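The structure appears below as structure tokens.
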Amino acid sequence: MGSFNKVLLMGNLTRDPETRFTQGGMAVVNFGLAVNEKFQGSDGQNQERTTFVDVTMFGKRGEAFARFHTKGKSAFVEGKLRLDTWEDKNGGGKRSKLYVVGDSWEFVGGGGRDGGGQGGDDGGSWGASRSGGGDRAESGGGGGGWGGPEAETEFTDTPF
């Protein structure tokens, strides 16, 4: 039987993205997302629960995410779960951490260009493409890749 590992999260950043670089020069971007869930409790009262998720993104995709997102901003992240295990240095036994490795992201919420979200007059995402081919955020512009806000479709091309 095959396996499937896919996570879709939409929430608010709990801290500014932290960017580090490997010795080979690849970016490693870490941030946290707070994902809220609303539900009705057994007493019939509406309740809300927040789940805090650590996310790591690599390469140009992560660099682009860090460039456009700050603490409190909303984001949609698509990725996969990863479990790391290690031995505690202080003799505390085996440790583990479950986190999400982000594969793509999109802006969410309103605000247009200044608000850092979808909406406004662009109506599209500047984050990551979900089409099978390439990732706009990773291509860094040029060659039909992600060109940022300047690469918007002209209004004369809009069919309505």
Side-chain angles (χ1 to χ4, degrees), residues 1-42 46-89 92-111 115-119 122-148 151 153:
M1 176 183 258
S3 297
F4 187 76
N5 183 357
K6 185 170 204 119
V7 176
L8 303 172
L9 297 170
M10 185 166 50
N12 296 328
L13 272 69
T14 60
R15 60 186 184 271
D16 287 339
E18 174 190 315
T19 304
R20 296 176 293 129
F21 291 90
T22 65
Q23 290 180 344
M26 181 171 57
V28 179
V29 177
N30 294 302
F31 58 94
L33 275 181
V35 181
N36 296 319
E37 171 188 8
K38 294 182 181 183
F39 62 97
Q40 191 171 39
S42 59
N46 290 333
Q47 298 181 9
E48 188 170 326
R49 174 179 17 219
T50 303
T51 301
F52 298 95
V53 181
D54 288 327
V55 181
T56 300
M57 283 191 182
F58 296 96
K60 298 288 185 189
R61 181 177 299 135
E63 288 182 89
F65 184 90
R67 187 170 40 247
F68 291 107
H69 289 84
T70 57
K71 180 179 177 178
K73 297 283 184 178
S74 296
F76 175 84
V77 176
E78 184 176 332
K80 57 188 165 278
L81 288 174
R82 181 171 295 165
L83 178 68
D84 284 348
T85 57
W86 67 94
E87 287 291 326
D88 190 301
K89 293 178 186 176
K94 198 169 193 175
R95 306 274 314 223
S96 64
K97 179 177 181 173
L98 183 66
Y99 62 100
V100 171
V101 174
D103 292 327
S104 64
W105 60 272
E106 294 184 20
F107 288 105
V108 294
Q118 266 182 290
D122 73 321
S125 168
W126 298 337
S129 170
R130 297 174 99 185
S131 61
D135 177 8
R136 288 182 284 175
E138 191 164 303
S139 64
W146 187 75
T153 303

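It should be emphasised that the depicted structure is a prediction, and the values quoted were computed from it without experimental measurement.
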Check your understanding: For Leu33, which of Thr14, Val77, Asn12, Thr51 qualifies under side-chain contact (heavy atoms from CB on, under 4.5 Å)?
Key ->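 Among Thr14, Val77, Asn12, Thr51, the one meeting side-chain contact (heavy atoms from CB on, under 4.5 Å) with Leu33 is Val77.
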Of all the heavy-atom pairs spanning [X] and [Y], show the shortest one and how long it is.
X	Y	value
Pro17	Val29	CB-CG1, 3.8 Å
Val100	Leu81	CG2-CD2, 4.0 Å
Thr19	Ala66	OG1-CB, 3.6 Å
Leu8	Glu78	CD2-CG, 3.4 Å
Ala75	Val108	N-CG2, 3.5 Å
Leu83	Ser96	CD1-CB, 3.9 Å

Practice item. Output all residues satisfying ring pair (Phe, Tyr, Trp, His ring centres under 6.0 Å) with Phe65, sequence neighbours left out; order by chain, then residue number. Key: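 Partners of Phe65 under the ring pair (Phe, Tyr, Trp, His ring centres under 6.0 Å) test: Phe31, His69, Trp105.
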Out of curiosity, [X] [atom1] to [Y] [atom2], how far, rounded to the nearest 0.5 Å?
X	Y	atom1	atom2	value
Met26	Phe21	CE	CZ	11.0 Å
Thr85	Lys97	OG1	NZ	13.5 Å
Thr56	Asn30	OG1	CG	4.0 Å
Glu63	Met57	CD	CE	12.5 Å

**Study point:** Beyond-backbone contact of Arg95 with Glu87, side-chain heavy atoms, under 4.5 angstrom
**Key:**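 Of all side-chain heavy-atom pairs linking Glu87 with Arg95, none is under 4.5 Å.
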Practice item. Would you check if there is a donor-acceptor pair between the side chains of Thr70 and Asp16 at a distance under 3.5 Å? Key: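 No pair is found: no donor N or O on one side chain lies under 3.5 Å from an acceptor on the other.
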Practice item. Using a strict 4.0 Å threshold on nitrogen-to-oxygen distance, state whether Arg15 and Asp54 make a salt bridge. Key: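 Yes, this pair counts.
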Check your understanding: Should Tyr99 and Asp84 be marked as a side-chain contact (heavy atoms from CB on, under 4.5 Å) after you check the CA-CA gap, both sets of side-chain angles, and the distance that decides it?
Key -> CA-CA 8 Å; Tyr99 62 100; Asp84 284 348; 3.0 Å; yes
